Visitor: 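Below are the structure tokens for one structure; questions will follow.
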Amino acid sequence: MRRRATTSLPRPGYVLIIAEKPKAARKIAGALGLKGFGRVYGVPYWYGYYRGEYVVVSSTAGHLFTLVTDRHSYPVFEYRWVPRWEGERGASFLKKFYSALKALARGAKAFVNACDYDIEGSVIGYLIIKELGDVRRAKRAKFSSLTPQELRKSFQSLMPLDWDMIESGLCRHELDWIWGINVSRAIMHMFRRVMSYRKPLSAGRVQSPALQQVINREIERRTHVPLPSYSVVAELVAPNGEVLKVDLAAGLRTREEARELMARIKAIGYAIVKNVVKKDERIAPNPPFNLPDLQQEASRIYGISPAEVLRLGEGLYLDGVISYPRTNSQKLPPTLDTDSILRSLGRLSQYSSFVPRAIGRRPVQGSKTDPAHPAIYPTGQLPKLPMPERKWRLYDLIVRRFIASFLDPVIVSTVNVDAAFDDVVCFKIKGRVVKSRGWLDIYPFTDIKETRVPLLSPGDELRLKSVKIKLQLSRAPKRYTKASLLRWMESVGIGTEATRAEIIETIVRRGYVEVKSGYLIPTELGFQVAFALSEFFSEITDVSLTRKFEEEVESVRLGRKRRADVVTEAKEFLEPRLNHVKELIDSRDRASLLRALKVVKDEVVPRCVICGRVSYGESLGLPLCVMHYIAAEKMCESYRRWREAEGISFGDFARRLLKMRSAGDYVREVAEYVVTHGLNISDK
DNA sequence: GCAAGGTC
């Protein structure tokens, strides 16, 4: 497109088309064949005639308006929309978009909201037209992708403003604001009064369930009581003399059971091969990245955090070397000229040998989709080198995943051997060898474990060389990393591609969790906030609040409910509870507040006999804090299994727990108390 | 100051 840059505003009397971002505005202008180009306040616009109509296309950069209130207290249900650059820190870059659209709106005779066709896009465009233009002279462009055909089609049949969609979007904003601001203020009030804590605290529909998840996992780990199970493992000698290590049985409940099995196996002395099945398995390449997959892989392979992936990805996108990164799609656009992208990538020596194998083929596609954007792919425009190391690594990962998606599957030869010691025990021996490396050389980050097995045929004898019993202890689940927490958020459907990483940073910034060796560990403050929320606003700690919002917002979109009614319901639900909490805090009933925060150390009675925190309840006949209480209860529960498995006394069980590294620290502390005070649970 | 959601 030839551009004639101008520094002044276009001649008035045009239809102003508003896109969600500058890149989209450029695509729309291209599709409509607009040749004129100019800038206002540095913001680009395009102009010209489309089907006889004089039009101007420009854009915002996401939300230009936000909700604010003038009230400083809570409950608060009065709010209004204001330009974001006025108040919000870090939003000053929006001022030029605001000024530009305001100036362009003055010369417009009509408006088109051409933001992404989703509820946020409807809100973004609507608020701009409402605040800076005139909604009575506005229409909506409806398109599902930014391809020229789709865009032209949408402008040939412009729709009236999509009021139900706008109302549902406004409703989502208001619900999140009402819940988030009010609950945040309530807990700040509480922590200020009770603990003299003065830093900002927060709660919200997405961040609070994420925090709760980290807390639950930590409680599980720290109150973990390992449970026993037994396996029988043996060394067998194949006819060719090779020694094989095999699990003959696993998951046995008692040591006695395992001993019996072992004795019978020893008496027989050899196993017979029953069946041998050889097969080739094909492992297809992964589809091109969407953002969650990229965040996961960058964290796994290079330890780059999800938020940094988003930041680096945005940089690569603005450099023009990759497509839009905030996407959930694993599919490439059907019209994409993949061959010319591949040819261009082939000019980089890292990739040149793979490109010929990829050209002329179709890529693997994933099942995930996105209403606004395709999967992340290299545009074929090559990056300026050198670039910072981590940025390069991310780019390289994206390119490799892209090229891999065109290549042959990895072929793995597998062998499955069934064998048995008479009718005493059947077992399997499995082997795997990579036969053809396929896409594995360009994307070598997948570890395909190889196990070799000697050549065996039915009827072969496997002589027993040795056999023993192995005690297996159940392990506590792993702590979350930023990447695995993000995965969890995605799996339960909270947050969006663009926000999840930043929301994880928020719970870190608040001091709710710390990052140690990549793992998220809740702080005392995090525990206290989570307990306070569960006590007074339990809904906000659960992902089901998002489900509820989605249902409400959807019913507004379908015109079945009015936004005002949904907002009123939320207000009527929250207001009495906020007032109740406020009264409790103002009543200075310190003891009940401390009990609600659960893990506070204070002079209040009764206290945990082990750690001095406020008591939560009695277990083993002792007043215990919530964590030692859970640990003690789990110990009593698990003792039944240990007695069945090993026939040991409660005292011996406690002594063994002290030595188990996989036992949670709260469990070991309770065990130590049990040992030193000679406690028993026979009376339970 | 506090949310979640867009995008630079």
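Proteins get letters first, then strands, A, B, ... in listed order; numbering begins at 1 in each. Since this is a predicted model, take the numbers as computed values, not measurements.
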Visitor: Using a strict heavy-atom distance below 4.0 Å, which residues from residues 163-194 of chain A are in contact with DNA chain B?
Guide: R172(A), H173(A), D176(A), W177(A), G180(A), I181(A), S184(A), R185(A), M188(A)
Visitor: Mind checking side-chain hydrogen bond (donor to acceptor under 3.5 Å, both in side chains) for S184(A) and listing every partner two or more places apart, or none if nothing turns up?
Guide: none
Visitor: Which nucleotide wins on minimum distance to the side chain of K21(A), given the candidates dT7(B), dA3(B), dG5(B)?
Guide: dT7(B)
Visitor: Taking side-chain contact (heavy atoms from CB on, under 4.5 Å) as the test, write out the residues that go with T369(A), two or more places apart.
Guide: K331(A)
Visitor: Are Y117(A) and F143(A) near enough that their ring centres are under 6.0 Å apart?
Guide: no
Visitor: Can you list the residues that meet the side-chain hydrogen bond (donor to acceptor under 3.5 Å, both in side chains) rule with R185(A), with sequence neighbours excluded?
Guide: none
Visitor: Tell me, please, which residues at least two apart from S299(A) pass side-chain hydrogen bond (donor to acceptor under 3.5 Å, both in side chains).
Guide: none
Visitor: Where along residues 376-396 of chain A does a heavy atom fall under 4.0 Å from DNA chain B?
Guide: none
Visitor: Short of 4.0 Å, heavy atom to strand atom, which residues of residues 572-582 of chain A count as contacting DNA chain B?
Guide: none
Visitor: Does the ring of Y317(A) carry K23(A) above it, NZ/CZ under 6.0 angstrom from centre and within 45° of its axis?
Guide: yes
Visitor: Can you pull the ring pair (Phe, Tyr, Trp, His ring centres under 6.0 Å) pairs that have at least one residue in residues 482-509 of chain A, sequence neighbours excluded?
Guide: none
Visitor: With sequence neighbours left out, what residues match E314(A) under side-chain hydrogen bond (donor to acceptor under 3.5 Å, both in side chains)?
Guide: R326(A)
Visitor: Please enumerate all residues that pass ring-ring contact (aromatic ring centres under 6.0 Å, His included) together with Y377(A), with sequence neighbours excluded.
Guide: none
Visitor: Is there a residue in residues 541-557 of chain A whose heavy atoms reach under 4.0 Å of DNA chain B, and which residues are they?
Guide: none
Visitor: Give me the residues of residues 501-509 of chain A where at least one heavy atom lies under 4.0 Å from an atom of DNA chain B, by number, or none.
Guide: I503(A)
